[in-house]
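These numbers come from the heavy atoms of this one structure, side chains and all, not from hydrogens, waters or symmetry mates. Protein chains get the first letters and strands the later ones, always in sequence-line order, with residue 1 at the start of each.
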Protein chains: 2
Amino acid sequence: MNELNYCYKYPHPAVTADCVIFGFDGVSIKILLIQRGIEPYKNKWALPGGFVCIDESAEECARRELEEETGLKGVTVEQFHTFSDVERDPRERVITVAHYALVRLADVVGGDDANAAQWFSQTEIPALAFDHDKILQLALERLKERICFEPIGFELLAEVFTMTELQNLYEAILSIKFDRRNFANKMLKLGILTEAEPRREGTARRIATKYKFNAAKYAELKQRGFRLEF
Amino acid sequence: MNELNYCYKYPHPAVTADCVIFGFDGVSIKILLIQRGIEPYKNKWALPGGFVCIDESAEECARRELEEETGLKGVTVEQFHTFSDVERDPRERVITVAHYALVRLADVVGGDDANAAQWFSQTEIPALAFDHDKILQLALERLKERICFEPIGFELLAEVFTMTELQNLYEAILSIKFDRRNFANKMLKLGILTEAEPRREGTARRIATKYKFNAAKYAELKQRGFRLEF
DNA sequence: AAAATTTTGCGTAAAATTAACGCATTTTAT
DNA sequence: ATAAAATGCGTTAATTTTACGCAAAATTTT
């Protein structure tokens, strides 16, 4: 079975969906890559992704391929750009819809049995297959822009976190240092954080306050036309 | 010649590029639509656009189709979303890369001979073919977001304009009223406007100052990491 | 032509926000 | 035990935003 069964009056490009998956280890941003098992670019590292089936949307494809290649399930991906240069792929004309997502590193361990999926720091990233370097670069830019206006950062942290952890995340993504006290004031004034545990009394104080992201409050504020900013 | 000459091992979707073209008549935002001459949706209004050829990028296709269908030449379009729902088109699986652009209405008149291309105000827009209503709606949202951070509005005005014209444009896009004096101060403080004509002396003063957008100055500021905001 | 209205330029003052930093105590690392 | 870093709770000055006044020039209406 190697027949060419799908025929059209005009040439059709193939369409793929690729994923840039971001994680955070407490210090720096991580990116999830897979090692290709077949030609072209065999053994090269690449973004997870694959061909869009005829009965699924690009987003559905991105999620399916992500699970197949890395074991990551139920991730909410969002498209950020479509790459349509004519010579992107040596095999045939391929247009790719690039997506990104933020995941908790803790949720990932163990998903990668058969597959060579691995997290890389930005500094460790090897040369990637196809034009995936370019795709990754744009994803990083969009992540920076996005985190300034929407509270997507919380998706990278554990459900409960300290203000310092949150600040480290923002500093890692934006490559900016904030004043600790001003950062905390700004975040708290937004009104989208809730204290997660009652503060301890008496003896042991001076333990960092734990917070949760309050999605309900954010949704309410957003509807009233409110905007995050950093 | 109606043969199916282009054959593949797996099914391939068709890919199109569509354009949301914005104009401004001094009072309200206009959108350029074309009337379809063939089925499906024959005689319905739709966004300019068409099938991506095998040797052109989506952006190149958008520009080509725009010229073919409306006579508009040399427009810089920018993609903003790819629509890939399975049932978008009754003929076959079609994925579309949606673009938008801002043009000066003055530059357009006369381009539309053979084609039924027409400008519509937001309130006049009829039900559109395919999912083009959805595409247009997202384009409007993106335009609002974008104009808050990048000086794209100048592309809609004549080269030389008054502060009041600029304010009217912002108010039309954002559906917000600004204080005239505060708006002018904010715009001038950005440092991206240049006075276009020397102000008249003596007798006739009190004629609105004319400005030009200073692209060079904006480029310089942007490189230093500066951000527009409204 | 006169009167009324709108547009334009040039401000000011109060309110709100941002930015820079102090300090004592507790926890963690050496 | 000692040094270094983290945490909570502020203050103050500079900057930015917001609301609005007023008179001259231009425009529209009567």
Side-chain angles (χ1 to χ4, degrees), chain A residues 24-28 147-149 151 157-158 160-172 174-212 221 224-230, chain B residues 25-27 147-149 151 157-158 160-172 174-212 221 224-230:
Chain A
F24 182 63
D25 66 1
V27 177
S28 48
I147 206 173
C148 287
F149 302 106
L157 296 172
V160 167
F161 50 86
T162 67
M163 192 60 77
T164 305
E165 287 167 345
L166 184 60
Q167 182 173 349
N168 287 341
L169 173 61
Y170 272 84
E171 293 183 341
L174 298 173
S175 306
I176 291 178
K177 289 290 176 190
F178 295 100
D179 177 89
R180 175 178 60 86
R181 292 147 292 187
N182 291 341
F183 181 85
N185 287 338
K186 197 162 193 170
M187 285 304 304
L188 291 173
K189 204 179 46 178
L190 291 174
I192 58 178
L193 295 183
T194 311
E195 291 197 9
E197 303 168 12
R199 303 191 185 194
R200 303 195 207 166
E201 322 148 22
T203 49
R205 288 181 303 145
R206 236 21 87 113
I207 283 179
T209 314
K210 308 278 190 188
Y211 297 96
K212 281 184 178 182
L221 284 172
R224 283 198 249 144
F226 129 109
R227 219 170 61 184
L228 264 183
E229 269 178 41
F230 284 92
Chain B
D25 66 1
V27 177
I147 206 173
C148 287
F149 301 107
L157 296 172
V160 167
F161 48 86
T162 67
M163 193 60 78
T164 305
E165 289 167 346
L166 183 60
Q167 182 174 348
N168 287 342
L169 173 61
Y170 271 84
E171 291 182 341
L174 298 173
S175 305
I176 290 178
K177 289 288 175 191
F178 294 101
D179 177 90
R180 175 178 60 87
R181 293 147 292 189
N182 292 338
F183 181 85
N185 286 337
K186 197 162 194 170
M187 285 305 304
L188 291 173
K189 204 178 48 178
L190 291 174
I192 57 178
L193 296 183
T194 311
E195 291 196 9
E197 302 168 13
R199 303 190 185 194
R200 305 194 204 165
E201 324 148 22
T203 50
R205 289 182 301 147
R206 235 22 85 115
I207 283 180
T209 315
K210 308 277 189 188
Y211 296 96
K212 281 185 176 182
L221 285 171
R224 285 198 248 142
F226 130 108
R227 218 171 60 185
L228 264 182
E229 267 177 44
F230 284 92

Please round to the nearest 0.5 Å and tell me the distance separating atom CZ of A:Phe183 and atom CG of A:Asn168.
9.0 Å
Interatomic distance, B:Thr209 atom OG1 to B:Leu188 atom CG [nearest 0.5 angstrom]
9.0 Å
Could you tell me the separation between the [atom1] atom of [X] and the [atom2] atom of [N], rounded to a whole number of Å?
X        : N      : atom1 : atom2 : value
B:Arg181 : C:dC10 : CZ    : C1'   : 10 Å
A:Phe183 : D:dC9  : CZ    : C1'   : 18 Å
A:Gln167 : D:dG8  : CD    : P     : 12 Å
A:Met187 : D:dG8  : CE    : P     : 15 Å
B:Met163 : C:dG9  : CE    : P     : 8 Å
A:Phe178 : C:dT18 : CZ    : P     : 12 Å
B:Asp179 : C:dC10 : CG    : C1'   : 13 Å
B:Asn182 : C:dA15 : CG    : P     : 16 Å

Taking only side-chain nitrogens and oxygens of [X], does any of them come within less than 4.0 Å of OP1 or OP2 of [N]?
X        : N      : answer
A:Lys189 : C:dT17 : no
B:Thr209 : C:dG9  : yes
A:Thr164 : D:dT7  : yes

Would you indicate which nucleotide in C:dG11, D:dT7, D:dA26 comes nearest to any side-chain atom of A:Ala208?
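Looking only at heavy atoms from C-beta outward on A:Ala208, the closest nucleotide is D:dT7.
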Could you check whether B:Phe149 and A:Phe149 have their ring centres less than 6.0 Å apart?
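Distance test on ring centres: under 6.0 Å, yes.
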Less than 6.0 Å separating the ring centroids of B:Phe230 and B:Tyr170?
yes
